[in-house]
Amino acid sequence: MLRKIGKPAIVLTTACTLLFSVAAFAATDGSSKHWASDTLQEWVSEGLLKGDATGNLNENQSITRAEFVALVNRVFNYSDTSSQVFADVAATKWYADEFSKAFAAGIVQGDAAGLMKPNASITRAEVAVVLANAFRLTAQNGNAYSGFSDGRAVAAWAQDAVSALLEKQYVQGRSGNQFAPSAQITRAEAVVMIDNVMGYLIHAAGTYNRDADGNAVLNAGDILLNQSKVAGNLYLTSGIGEGDATLKGVEIKGNLYVEGGGVNSVMLDGTTVGGQLIINRKQAQVRVVISGESSLSNLVFQRSGKLVIESPNTIGTVTVAPSDSTAVISITGKIKRLIIESGAIVDLSNAEIEVLEIKSTGSGATVTVDASSQIGKALLSGISSIKGTGKVNEAEIHASGVTIEQSVSTVIVKDGLTAIVNGKEVKGTASNTGGGNSGTTPTPGVTPTPTATPAPTPTTEPTETPAPTPTPDPVGTVKYFSFTDQKVPVKLRNYHLVLIGEKTLDYTMTLQPSIFPVSDDHIVASVLDTDGKVWVASANELTRFNIYEQDAGKVEVFRQDEHFKGEIQALLVEGDVIWVLTNDSISQIKYKSSIK
C-alpha cells in the first residue's frame, strides 16, 4: 500500500501512453473492484498517474519498458541525464529523456546490441533487475530465487535481483508458486511492485512526522523528517538537488542512501542509522552534517562529499571507496577507523582519526592532515602519501613508495621496502623489531677493505639462437583460465568479483549481462563479433550464427564441458577470440584466423 504525502511533483502526461484514471478503477472482468484499485487510487491522487481523456485504465494490459522506466524515474525524481545514445531511442520520442535519466542513474543498460526496445513489453525478470538497481538491493542468499517452483527458469543475470526482492517479500509467486520470469507484467502489477519496494514517499517540501513500516523515499528538497521511525531503508534521492534534507530524531533500521543534497547539507540531528550511511551523489558534492546524539557505525563514500561530525559520539568506520580517483573527500570530526579502498583525495580538517588504513587497492590516495587534525596510527598497504602539518603518531608501512611529509614518532617499514618519512629515506631491514625500523637511517661503521678476488678467465659467449616465431592457434582452439589469471581481460576478472559480491558494480563498465535479453529468459548474454556474427549464450550452450542466414546448418554450437566449464555468466569479444566467463572458470575460444 502506498503511503505518500505532499503535493504532486510529477505526473505522466498524455505523451506517455501509460495512462490511468480514477474512473477506470472498475475491473475489466465485470467484477466491481479491481484487486489493485486501492494502490492505483493512491498513485492517481498523488499525481503520479493520470487518466486519459476517455477515463480508460487498461490495468490488465501489459506495460512497456519505456512506461515502466518512466514510473521508476518519477518515484526517484531523477534529473541527471546521460549523453549515451541508443539506436532505437529517437531523441524526439517522449521516452528519450526517461531513458537518459535512467541510464545516468544506473538502473538500465540496454541489451548486448545497445538497444533499449522501448515499446516492447517488459518481463517480470527485467522488472526485478530494474527495481533492484534503483533501490540498491542485493541478496543475502543468492540462491533464494530457487524457492520458486520455476526457479531454474530465472536467468543468471536476474537471479540476484529476484532473490533480493523475494527475501524482502517484495514479490510473490503466481499460481503454483511460479515466478514466471519471462512473463509480461500488467500495468497494475507494475504499480504494485514499485509500491511494495518504495514504501513511504515524500515528494514535496515541508515538515513531516510519520513512521514507515518499510522503506521511505524523499525525492524533493527542503524536507524535515522529524521524530520518525523507518523500518527499512531511507532514500534521499537525486531529486533533492541542491536543496536541504534534515532528519531530526529519526531511527533508521536499514541503510541511509544519500544521493541528493547540496553544500548546505543533509543534516542528521539525534538520528540513528542501523545499517550503512552511503554517500553517492553523482553530479555534485554533498555535505553531510551529523550532530546531537546521532549514532551510526558505518559510513561509505562512493563519490565526492563532505562529512562534518559535530556529534559527541565517535563514528565507528568510514570507508572511502569512490570509483573516480579524482574524487575529493573532506572530513571533520572524530572517527575510530578511516579506511581508504581506492585512490582518492582525502582532506582532514579538525579531524581526529584513531586508525587510518590505506588498502593496497587505495594506491594513489593522498591524505592531507591540517594543523588541527591528527592520526593515531596509519596502516599503509597502498602506494600513497600523507601531507600537511597535522600529527601522525605511528605508521606501519607495507608498500614501497609511501611518502609521509610529517615527522612520525614511530615508523615500522616492512622488510625490503623503502619509504620517505619527513624528507628522509627509511628502509625496512630484517634486523629491526617487527620487520621495520624507527624512521632513522643508522650511520654506517668502517667497512674493511675486501681482499681482491682474482678475475675469472673469460668465457666465450655463445651465439644467441633467435626465438622461433610463435605459431598462431588454429581456429577452434579452446583454452581455460582461472578467474585471476593475468591473461584474462581485466573486465572479465572484475566482473567475476561483481558476481560473487566482492566488488560493487561500476555502471561505466561496458561488459554487462543484458537486463533486456534478446530472446527468452534462458538467454544470459549475447555479443557481436568482428565478423558480424552473433553469439548467444544460455547457461549451458553457446551458439554463433549470421542473423541474415536462413540455413540452420550453418549455426555453430559450442557445448558445455567441450568448450567451457560451468554455467555461462558473460561474454566478451576480443579480436579473433571470444572470452566466456562461467561460474567455474574462464575459457577462450579462437573463432577466426589471426589478423595479420
Side-chain angles (χ1 to χ4, degrees), residues 247 250-258 266-280 286-322 327-362 365-382 384-388 390-399 402 404 406 408-412 434:
L247 310 178
V250 177
E251 181 183 338
I252 305 165
K253 288 189 176 181
N255 294 334
L256 171 59
Y257 294 91
V258 179
V266 170
M267 290 164 279
L268 281 65
D269 182 1
T271 290
T272 300
V273 181
Q276 293 183 321
L277 192 165
I278 301 170
I279 298 174
N280 187 27
V286 62
R287 178 172 175 256
V288 176
V289 177
I290 300 173
S291 63
E293 292 296 325
S294 292
S295 174
L296 65 152
S297 60
N298 199 328
L299 185 149
V300 179
F301 282 97
Q302 293 182 347
R303 302 273 176 174
S304 295
K306 294 182 179 181
L307 173 63
V308 179
I309 305 169
E310 299 176 349
S311 171
N313 299 327
T314 302
I315 292 182
T317 301
V318 173
T319 302
V320 175
V328 178
I329 313 296
S330 300
I331 297 175
T332 297
K334 295 181 179 181
I335 297 172
K336 290 183 179 179
R337 196 175 194 91
L338 174 59
I339 301 174
I340 300 178
E341 294 186 347
S342 60
I345 301 168
V346 179
D347 295 330
L348 303 180
S349 175
N350 196 21
E352 184 178 327
I353 312 298
E354 293 183 19
V355 178
L356 166 66
E357 182 178 1
I358 299 181
K359 301 281 193 179
S360 59
T361 54
T366 299
V367 180
T368 301
V369 188
D370 76 356
S372 62
S373 301
Q374 66 172 340
I375 297 172
K377 185 174 184 178
L379 305 175
L380 310 176
S381 298
S384 52
S385 61
I386 299 178
K387 301 179 178 181
K391 189 175 182 180
V392 180
N393 294 323
E394 183 181 349
E396 288 186 14
I397 299 174
H398 299 272
V402 168
I404 303 176
Q406 297 91 328
V408 182
S409 301
T410 302
V411 180
I412 298 175

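Source: prediction; values computed, not measured.
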Would you mind reporting whether R337 and L379 have side-chain heavy atoms less than 4.5 Å apart? yes
In this structure, CG of N350 is separated from CD1 of I331 (nearest 0.5 Å) by 12.5 Å
Quick one: pull up NZ in K377 and OG in S409 and give me the separation to the nearest 0.5 Å. 13.5 Å
Exam field: side chain N255 to backbone Q276, donor-acceptor pair closer than 3.5 Å: yes
How long is the gap from CG on L268 to OG on S291, to the nearest 0.5 Å? 8.0 Å
Rounded distance (nearest 0.5 Å) linking atom OG of S385 with atom CD1 of I358: 8.0 Å
Quick one, I375 and L348 - any side-chain contact, counting heavy atoms below 4.5 Å? yes
With rounding to the nearest 0.5 angstrom, report the CD1 to OG1 distance, I278 to T319. 10.0 Å
Test log, rule side-chain contact (heavy atoms from CB on, under 4.5 Å), inputs L299 and I335: CA-CA 10 Å; L299 185 149; I335 297 172; over 6 Å; no
Using a distance-only test with no angle check, is there a side-chain donor-acceptor pair under 3.5 angstrom linking D370 and S349? yes
Salt bridge (Lys or Arg N to Asp or Glu O under 4.0 Å) assessment of K359 paired with E357: CA-CA 6 Å; K359 301 281 193 179; E357 182 178 1; 3.1 Å; yes
Can you find a heavy atom in the side chain of N313 that is under 4.5 Å from one in the side chain of E293? yes
Just so I know, are the side chains of L356 and I386 near enough to count as touching, which here means a heavy-atom distance under 4.5 Å? yes
Would you mind reporting whether L247 and L256 have side-chain heavy atoms less than 4.5 Å apart? yes
Inter-residue atom distance T272.OG1 - K253.NZ, 0.5 Å rounding: 12.0 Å
Do V266 and I279 have side chains that get closer than 4.5 Å, going by heavy atoms? no
Is the shortest side-chain heavy-atom distance between I353 and V369 below 4.5 Å? no
Do L307 and F301 have side-chain heavy atoms sitting under 4.5 Å apart? yes
